[in-house]
Amino acid sequence: MVLSRTHGETCEGKCGQQLDSCSCHPTCGSLRSCCPDYKEFCIDVAPQSGSILGGTDFYVLEANFTQSSQIVCRFNSEIDTEGYVDDSGRAHCISPLLYQTGWVPLHISSDNGTTFSRSGAWLSVHTGKLSSEFKALLVNSTKWQYYGTPGVGGYLQMTWNTTLVNADKVNIELWGYREMGEPYSENWQGEMEYLYSLAKDRPNNGSFSFLPKIAENVFSSWELGSVRVSSSSYPDGMRNVQAAWTEDHALAWHLEQKFRDNSTAWAWEKCLAWDQLEIQLPNFLNEIIDCPCTLAQARADTGRFHTDYGCDIEKGSVCTYHPGSVHCVRAIQASPQYAAGQQCCYDKTGAQVLTADSIGGSTPDRAHDWGSPPFRKPPRIPGLSHWVYDVLSFYYCCLWSDNCHYYFKHRPSSDCRRYQSPNSAMVFGDPHFITFDGVSYSFNGKGEYTLVTSADKQLTIQGRTEPIDGNAIKATKMSAVAMREASSDIIEVRLASGDNRLEVLHNQKSLSFAEQTWMDLQGVFVFSPTSSNVTVMFPSGAGVEVRQRGKTLTTTVLLPEEFGDSTQGLLGNMNGDAKDDLALSNGQLVQNQSNAEELFAFGASWAVPNASALFTYDSNYLLETYYFVPRHDPSFIPAFSAPEDPDDPLSDLAAEICSGESSPFCRYDILVGRSLTMGNDTRRSFQSHISLVEDLKPVISCGWLPPPNNGKKQGTTYLQGARVQFSCNEGYTLKGSSERICQKNAQWSGEEASCIVPSTSLLNTKNSWRACRPMTVFENWTERPLRPRGSKKPKSHRLLLRNKQLLVKHTICQNNQSCSTIFFKHVLKIIFFHNMFTVVQVIQVLN
């Protein structure tokens, strides 16, 4: 059933458009201008998100269907799934397996696929980022993935929310994933396939336990997969049905008998094969970003790095794959050519952990864990490609066998010698500005203004201000920030009605984070863990943090060094020169930065041109206040300074609250804004910025130092002032510096440390034994026959050298038939006489 159409105009096929007599634009609801059939054709769904693996049952809101409607749901204009109409007349769809994350176009047919008249969107989510309530859970996932290794066996268990599968009886199925074709070629494809059922017609009670059996040969080669719980009414392996999926994981529990007989040897063979494959594949290491030097930098550089959900200090630092680390971050953007990722891990001191020092060190990834646009093909498939090329190999070489040196040969930690911290700028209070080069000032204009624009990077960030408490107070506050980079989606963050939370708009439509805190959008990522905290990240590495502080917005912009000398706007030119930060839109510099009226003229010059405004105007107030009038309101003249009135009851309180560098801003917000809370918020925001600048302060790294052969080192920090000590194993002497210090010139003090054996002159021989030529090779040792001076015939004693170690080989024969060889290693002193010798000290005897 379709509602009647007004004046012949309908939203069918026109969602997002403004028609002559009515609107199909997302703003039409609040403007009360929607066409009568807007909700019929421009649909919303609930829930709005689900696993990338599919199986989520969702329904269409507010559209009308009949029991005879034959529902077909089309995802991404190419994947169809069969839907249904429930008893209340609501149409349902089942999400399919999608090899991509983010918002996917959705079209719905009610005539069995003849026409697809209704349009909306579906949010596909990485399994690792999906809330636990929306997936099946492996109980003791470590046991699942170590099953069959020494000491690990018994029953395995999984659980799920029974509401995820609308059935009394369920099947438990194993699905496998692999990638086929030549890597980095057009025929490189990923495939998820049904393998076999673990159980059938089980009660849907939310729990399943089983004793794993070795898979049949045809299946045991599948090493990665996921377990699916679905209704028993469907045939085995039927795709795109309502289901609950576990996260993808290593299928140790079903591998071949050879694995269970000797998992170490099995994994060792796999590790060697992976090593040979990596040698043939392109080198991606040179194009990935370097890690931040410290944990503070890593957590502050929010435009380029984000917390790795597998090792989060805020969630107890459960770092399964990075023992010794307390927090890891991942580079947000994949590398440009090979879609590779970077992971950086840190210990409790805040120092970066390197794989050269620890198995828990930072590792780069051939395939970014979160995938990368345009997704859908390896190595860009979220999660799964990463498992194939980076995680399974870690199991082969490090977890199922002790051959991590092979893994780290191809996945070495990136140190931070090339890392450059971003520059930061901030808008806070009512409103005050700190530019990228550290100039601070206040501008209380009313309107919409350019905060940052960069023609080189095609980045635009705009801010909207509105008066505090109507027009009663002659000051303004930042109430909304809108932004876009190149052809990305437009993101706007604004104070919601009532100023008690932040609202995020995506291309002028409100975006809900009730189900997911992270969203992959077109050319931009958005993260909102709480209703007062939003971070926006662009491919260039630019990051925008918007925080609610009371009834105002605090906005921090972080830009990497590539933006140097290319920015304009209220936050200045990022070039390290504070003198040219305050330039009007015509290029003229502010002559007196302490003159409030001149600063006001500077700010007004950056009013947003009507044609380039990014904001949403979804109320009559916004239309009348900003859209239909000049973007800068010349009639609003603010108070340019805080009044000094000793009789003001807030004066003494302002003196108590406000101090230090933030005092002028804090006092203004209290005495002009008439709010102690706002003054306190301003003081806190200013201090947060100072802390951010300190966290992002560049640090000097001298680079990793190796331990000497036959020795050890103490110290795994390599930043300025760090000390690394060296010592040698017994029987060796240290040559070089026993301690080296990282200096401010990024060089280590002292000389390279090495461990050597005592000189061969220590051989105190009665007959003056010496090494003679020619040299021969003996079991990778350099072998030199020994003979006394003047003697032409070498004796059976031999001196062998390897890596500056001393080894004596002595052969003893009995009755000229059987012989045995004794190796004396780490010999300090040998006394030879006639055909016998005495070893004064032997550290180790090898037979």
Is there less than 2.5 Å between the SG of Cys416 and that of Cys291? no
Taking Cys42 and Cys24, which are both Cys, do their SG atoms fall under 2.5 Å of each other? no
Any donor-acceptor N or O pair under 3.5 Å, side chains [X], [Y]:
{"X": "Glu466", "Y": "Thr625", "value": "no"}
{"X": "Ser566", "Y": "Ser454", "value": "yes"}
{"X": "His25", "Y": "Thr27", "value": "yes"}
{"X": "Asp37", "Y": "Thr10", "value": "yes"}
{"X": "Glu545", "Y": "Thr535", "value": "no"}
{"X": "Ser510", "Y": "Glu503", "value": "yes"}

Between Tyr621 and Tyr626, what is the ring plane arrangement, given parallel below 30°, perpendicular above 60°, and tilted in between? perpendicular
Can you classify the ring geometry of Tyr617 versus Phe615 as parallel (below 30°), tilted (30 to 60°) or perpendicular (above 60°)? perpendicular
Would you call Arg549 and Asp681 a salt bridge, taking side-chain N to carboxylate O under 4.0 Å as the test? no
Is Asp44 salt-bridged to Lys39, cutoff N-O under 4.0 Å? yes
Given Phe602 and Tyr441, is the ring-ring contact (aromatic ring centres under 6.0 Å, His included) satisfied, shown in steps? CA-CA 11 Å; Phe602 153 74; Tyr441 68 95; 5.6 Å; yes
Taking Arg32 for the side chain and Gly29 for the main chain, is one N or O donor matched with an acceptor at less than 3.5 Å? no
For the side chain of Gln48 and the backbone of Ser512, is there at least one donor-acceptor N/O pair under 3.5 Å apart? yes
Evaluate Leu622 against Arg464 for side-chain contact (heavy atoms from CB on, under 4.5 Å), listing each step before the verdict. CA-CA 11 Å; Leu622 293 175; Arg464 174 188 288 161; 3.4 Å; yes
Can you name the nearest heavy-atom pair linking [X] to [Y], along with the distance?
{"X": "Leu614", "Y": "Ala482", "value": "CB-CB, 3.8 Å"}
{"X": "Ser594", "Y": "Asn592", "value": "OG-OD1, 2.6 Å"}
{"X": "Leu451", "Y": "Gly463", "value": "CG-N, 3.7 Å"}

Verify the neighbour count for atom NZ of Lys551: are there more than 12 heavy atoms of other residues, nucleotides or ligands below 6.0 Å? no
Heavy-atom count check: over 12 atoms from other residues, nucleotides or ligands less than 6.0 Å from Phe640 CZ? yes
Step by step, would you call Asp520 with Phe375 a side-chain contact (heavy atoms from CB on, under 4.5 Å)? CA-CA 11 Å; Asp520 301 343; Phe375 304 108; 4.3 Å; yes
Any chance you could measure [X], atom [atom1], to [Y], atom [atom2], to the nearest 0.5 Å?
{"X": "His126", "Y": "Trp370", "atom1": "NE2", "atom2": "CH2", "result": "8.5 Å"}
{"X": "Lys477", "Y": "Leu553", "atom1": "NZ", "atom2": "CG", "result": "8.0 Å"}
{"X": "Thr302", "Y": "Leu696", "atom1": "OG1", "atom2": "CG", "result": "8.5 Å"}

In a check of disulfide (SG to SG under 2.5 Å) between Cys22 and each of Cys34, Cys28, Cys35, which one passes? Cys35
Start with the C-alpha distance between Trp103 and Leu511, add both sets of side-chain angles, then the distance that settles side-chain contact (heavy atoms from CB on, under 4.5 Å), and finish with yes or no. CA-CA 11 Å; Trp103 288 100; Leu511 202 58; 3.8 Å; yes
Counting the benzene-type ring for Trp, do [X] and [Y] have ring centres under 6.0 Å apart?
{"X": "His306", "Y": "Trp518", "value": "yes"}
{"X": "Phe443", "Y": "Tyr449", "value": "yes"}
{"X": "His689", "Y": "Phe428", "value": "no"}

So Leu502 and Leu495, side-chain contact (heavy atoms from CB on, under 4.5 Å) or not? Walk me through it. CA-CA 5 Å; Leu502 297 180; Leu495 287 169; 4.1 Å; yes
